[in-house]
Amino acid sequence: MDEIFQIENTNFNLKHTFESAQPLTFYGDYYEDKVLLEYTYKNSIIGIKSTENNKLNAYWILKNNNEKLKLNDEVIRRFRLFEDLDYIYKKINTDSNIDIAIKKYNGMRLTINDPWETTLVFIISQFNNVKRIRGIVKNIINRYGEKIDEKHKSFPMLENMSTATKEDLKNCGTGFRAEYIINAVDYFINNVDLNKLNPNNYEELHEIFTEIKGIGDKVADCIILMGYGNLRAFPIDVWVKRQLERLYFKGEKQKVSKLQDFAWEQWGDYRGYAQQYLFHSGRNLTFKN
DNA sequence: ACCCAGGCGGGCG
DNA sequence: CGCCCGCATGGG
């Protein structure tokens, strides 16, 4: 708690970011109309909350002394505060539909998360819903994570999960995805070092991830976007698909491949950011949370 | 009861 | 290639 990072002069809306269901391992508590965000980084815990004058403060809830990590470096990277969101908006604000979403969810940030954490979470996400995904992830953290304090466990890294069995994972609620998880753990322990991949090479990343059984185009794109921060990934899930069809194709069904081409033409190299605004606004047409 | 969820692999034509 | 089906599970 001694070190505090004041986030100023930055377009950053904590509530929209948390509710956009993109950092699926974050915890959020509401007070008044604000959100107190809490997340683990390895064996440390970081909190972010609004101050009276509507600024944001980030601080250590618990800092593991073995980590040389600087708080501001972590927060700046995690929420992409190194780039000007208004510049991104200029790049993707190509029509009135996306303009509405940008204005409504102004300050919603994409996050950059640990590659393995992102991989595991989005393997679980397939044929599933946000609420259940969060529950299953929580079970896996409880089962395989390392204890940080009385309330918190770290997100289990590959080594923590090297002996996971199908039965164990099913008990966490993973269902048929259990064998995909086991397969991915094995693959990334023995074949590919997730932390040595080039974040800027979209094609190479997509090829590597889709080679793995249990990871297809959509999950690979989520990993590339939210695990490596590559904005050229445009994950198309049911919400984004519906939203694109509704807003740009008169509600007529389109093939995913055509929607990918459309996104590339419409939003270019920043399409990943546009995707998050479409996803969040699409979901909120139906329900909150 | 029925439908759906941040999809994917496999089988078939 | 494209298309279609089954898949575990819990909430609305």
Side-chain angles (χ1 to χ4, degrees), chain A residues 16-26 28 101 105 108-113 115 117-140 143 164-187 206-231 233-247 253-261 263 271-289:
Chain A
H16 294 328
T17 302
F18 171 64
E19 291 182 349
S20 71
Q22 143 224 183
L24 287 156
T25 58
F26 289 19
Y105 300 111
M108 180 172 70
R109 291 266 172 183
L110 272 175
T111 58
I112 301 176
N113 306 279
E117 179 176 323
T118 311
T119 301
L120 179 54
V121 165
F122 282 98
I123 286 175
I124 293 165
S125 79
Q126 65 180 268
F127 197 45
N128 215 337
N129 61 62
V130 168
K131 196 166 189 172
R132 274 198 80 232
I133 297 162
R134 283 203 158 110
I136 295 167
V137 168
K138 204 171 186 178
N139 293 340
I140 288 182
R143 174 67 183 80
T165 66
K166 195 186 284 189
E167 193 185 352
D168 262 358
L169 287 166
K170 285 197 170 182
N171 286 337
C172 294
T174 58
F176 66 91
R177 307 163 194 84
E179 59 184 279
Y180 296 159
I181 295 169
I182 289 172
N183 186 49
V185 170
D186 178 71
Y187 188 88
H206 195 271
E207 201 169 314
I208 288 169
F209 282 101
T210 51
E211 199 177 311
I212 297 156
K213 185 177 169 181
I215 299 179
D217 291 336
K218 192 271 173 184
V219 170
D221 280 340
C222 285
I223 298 166
I224 296 167
L225 180 62
M226 300 166 207
Y228 291 91
N230 188 323
L231 299 178
F234 189 87
I236 299 180
D237 72 316
V238 289
W239 298 106
V240 172
K241 184 168 186 293
R242 273 204 289 262
Q243 196 70 332
L244 287 173
E245 289 163 347
R246 190 176 72 83
L247 298 175
K253 299 267 186 193
Q254 302 294 321
K255 291 180 195 168
V256 171
S257 58
K258 182 167 183 180
L259 295 175
Q260 280 290 352
D261 293 343
R271 56 191 178 275
Y273 237 112
Q275 180 271 169
Q276 195 62 26
Y277 280 79
L278 292 167
F279 171 76
H280 192 44
S281 55
R283 262 170 54 84
N284 279 351
L285 289 175
T286 309
F287 50 77
K288 298 277 285 181
N289 218 21

For this session: Please name all residues satisfying side chain to side chain contact (heavy atoms under 4.5 Å, CB included) with N171(A), sequence neighbours left out, ordered by chain then number.
Result: E167(A)

Problem set entry | Contacts of type side chain to side chain contact (heavy atoms under 4.5 Å, CB included), residue I112(A), not counting sequence neighbours | R77(A), R80(A), F82(A)

Exercise. Below 4.5 Å, heavy atoms only, C-beta onward: do T210(A) and H206(A) meet side chain to side chain?
Worked result: yes

Exercise. What residues, two or more places apart in sequence or in another chain, satisfy ring pair (Phe, Tyr, Trp, His ring centres under 6.0 Å) together with Y180(A)?
Worked result: none

For this session: Can you sort out the partners of F122(A) under ring pair (Phe, Tyr, Trp, His ring centres under 6.0 Å), two or more places apart, ordered by chain and number?
Result: none

Seminar exercise, completed: Stem ranges of DNA chain B by first residue number, counting only runs of at least 3 Watson-Crick or G-U pairs under 3.5 Å, come to B:2-5 with C:9-12, B:7-13 with C:1-7

Can you list everything that forms a salt bridge (Lys or Arg N to Asp or Glu O under 4.0 Å) with [X]? Sequence neighbours excluded, please.
| X | value |
| --- | --- |
| R246(A) | none |
| E207(A) | none |
| K138(A) | none |
| D186(A) | none |

Polar pairs (N or O, both sides) under 3.5 Å between protein and nucleotides 1-3 of chain C?
none

Which protein N or O atoms sit under 3.5 Å from an N or O of nucleotides 9-12 of chain C?
| from | atom 1 | to | atom 2 | distance (Å) |
| --- | --- | --- | --- | --- |
| dT9(C) | O4' | R132(A) | NH2 | 3.3 |
| dT9(C) | O2 | R132(A) | NH1 | 3.0 |
| dG10(C) | O4' | R132(A) | NE | 3.4 |

Exercise. How does protein contact run along nucleotides 8-13 of chain B, one letter per nucleotide 5' to 3', with B for base contact, S for sugar-phosphate only, - for none, heavy atoms under 4.0 Å?
Worked result: SSS---

